[in-house]
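Structure, as structure tokens:
Numbers restart at 1 for each chain; the letters A, B, ... are given by sequence-line order, proteins then strands. Model, not experiment: these values are computed from the prediction. For the numbers below, each heavy atom of this structure counts, side chains included, while hydrogens, waters and symmetry mates do not.
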There are 2 protein chains.
Amino acid sequence: MADLRRKTGPSRPLGELTEALRRGERRVTGPRLAILQVLREHRRPLSNKEVLALLPQGYCDLATVYRSMHLLRRLGLVQRFDVGDGVARHELRDAGHDGHHHHLVCRRCAQVVAIDCCLLEEVERELSRHSGYQALQHRLEFTGICPDCQQR
Amino acid sequence: MADLRRKTGPSRPLGELTEALRRGERRVTGPRLAILQVLREHRRPLSNKEVLALLPQGYCDLATVYRSMHLLRRLGLVQRFDVGDGVARHELRDAGHDGHHHHLVCRRCAQVVAIDCCLLEEVERELSRHSGYQALQHRLEFTGICPDCQQR
DNA sequence: TCGGGAGTTGCAAACGATTGGCAGTAGAAT
DNA sequence: ATTCTACTGCCAATCGTTTGCAACTCCCGA
Ligand SMILES: [Mn+2]
Ligand SMILES: [Mn+2]
Ligand SMILES: [Zn+2]
Ligand SMILES: [Zn+2]
């Protein structure tokens, strides 16, 4: 089995991201640029509130973060994650391949381990053949107790 | 690869379920029995509202459904699913093994295909070794376009 | 069979995340 | 600079879920 741990590479350049906006007939605004910067600098699933908090003081409204995140997702720039606590989180996608990936989250302290490789392509093909469903996608998240939290 | 489709067996008997309640120092009440009946008769992920609607008219309160579902989950009798639409769903666990399973849901009509086997035990072992995390669990759901919806 | 007490329930208010309306603001093309 | 719209801030509205509390009921022991 391949190494499951993820070696996070550098984020794709900001210019490439704004280019995606223009291609989508969307405007490159202050709030959107700032949100992209935050996502580029913090490469882990962030809630919209967290994104807002990481923005310059009072820089934009929470509703704008929500709307921007919807847009970025429609454009395929971010991936959405649901841990099951009723709060959506987003993370910038890597360049190249479709960039989707998965996580291992500690159930006590929420520490996150990123998982680089996805082992479900073959499963998806088989599942598609059996079920007749097409254009399969999946969401997969692991939880566990991290080494630190085990010592208590 | 094993057959991914799930052959749903009969539900575990009601007596076995109420026994679990008693073992957990909990009382076997009218609402809890009725909710268990609904879960036994509809073996697919149900939202709390759906469960309430399937109950005899005005039988119990939505808050009671929520509280009961929490309890059933703590006792390990039901499994919770999050499709990503902000609504939690629950399904009765099978007897025997830990009973967890996964689904393939159509993104257009929400038709559900149950997936019997879980192929992630080996992955979890490997992931635990690499990361040091313990007591791993996972949530995995597939989506796609079902055969019916493809013809449009 | 008959209390009594802890566990449960119904009802409504509270909550937190997310969305929608709307009038004013600001990209960007001309 | 002008103009056309997309976009934003502000705030109310939604929606799923949780919680406080008084009334009720399951269950055990007398
Ligand atoms: Mn990640
Ligand atoms: Mn199922
Ligand atoms: Zn994957
Ligand atoms: Zn599994």
Shortest side-chain distance from A:V87, nucleotide among C:dA17, D:dT17, D:dT8:
C:dA17

Each nucleotide of nucleotides 22-30 of chain C classed B (base within 4.0 Å of a protein heavy atom), S (only sugar-phosphate) or -, in 5' to 3' order, makes -----BS--

Any ion pair linking A:D94 and A:R43 (charged N to carboxylate O, less than 4.0 Å)?
yes

Calculate the interatomic distance between B:L62 atom CG and D:dG16 atom C1'; express it in whole Å.
9 Å

Check the distance between D:dT19's P and B:D61's CG and give it to me in whole angstrom.
15 Å

Do B:H100 and B:H138 make the cut of ring centroids closer than 6.0 angstrom?
yes

Which comes earlier along DNA chain D counting from the 5' end, the contact point of B:A88 or that of A:R32, where each point is its nearest nucleotide?
A:R32

For A:F81, the ring pair (Phe, Tyr, Trp, His ring centres under 6.0 Å) test, sequence neighbours excluded, returns A:H101, A:H103

A:Q111 side-chain N/O to A:D148 backbone N/O, donor-acceptor pair under 3.5 Å:
no

Hey, is the side chain of B:Y66 poking within less than 4.0 Å of OP1 or OP2 on D:dT18, counting only N and O atoms?
no

Counting just side-chain N and O atoms, does A:H70 come under 4.0 Å of either OP1 or OP2 of C:dT18?
no

Take the protein atom CG of B:D85 and the nucleotide atom C1' of C:dT18, then report the distance between them rounded to whole Å.
13 Å

Hey, is the main chain of A:S68 close enough, under 3.5 Å, to the side chain of A:R32 for a donor-acceptor pair?
no

Measure CG/B:D82 against C1'/D:dT17 and give the value in whole Å, please.
13 Å

Main-chain N/O of B:L140 paired to B:H102 side chain as donor or acceptor, under 3.5 Å:
yes

In whole angstrom, what separates B:R74's CZ from C:dG7's C1'?
12 Å

Rounded to whole Å, CG of A:L52 lies from C1' of C:dA17 at a distance of 14 Å

A:N48 has an atom CG; how far is it from atom C1' of D:dT8, in whole Å?
16 Å

Under 3.5 Å: donor-acceptor pair, side chain of B:S131, backbone of B:L127:
yes

Could you give the NZ-to-P distance, from B:K49 to D:dT17, as a whole number of Å?
9 Å

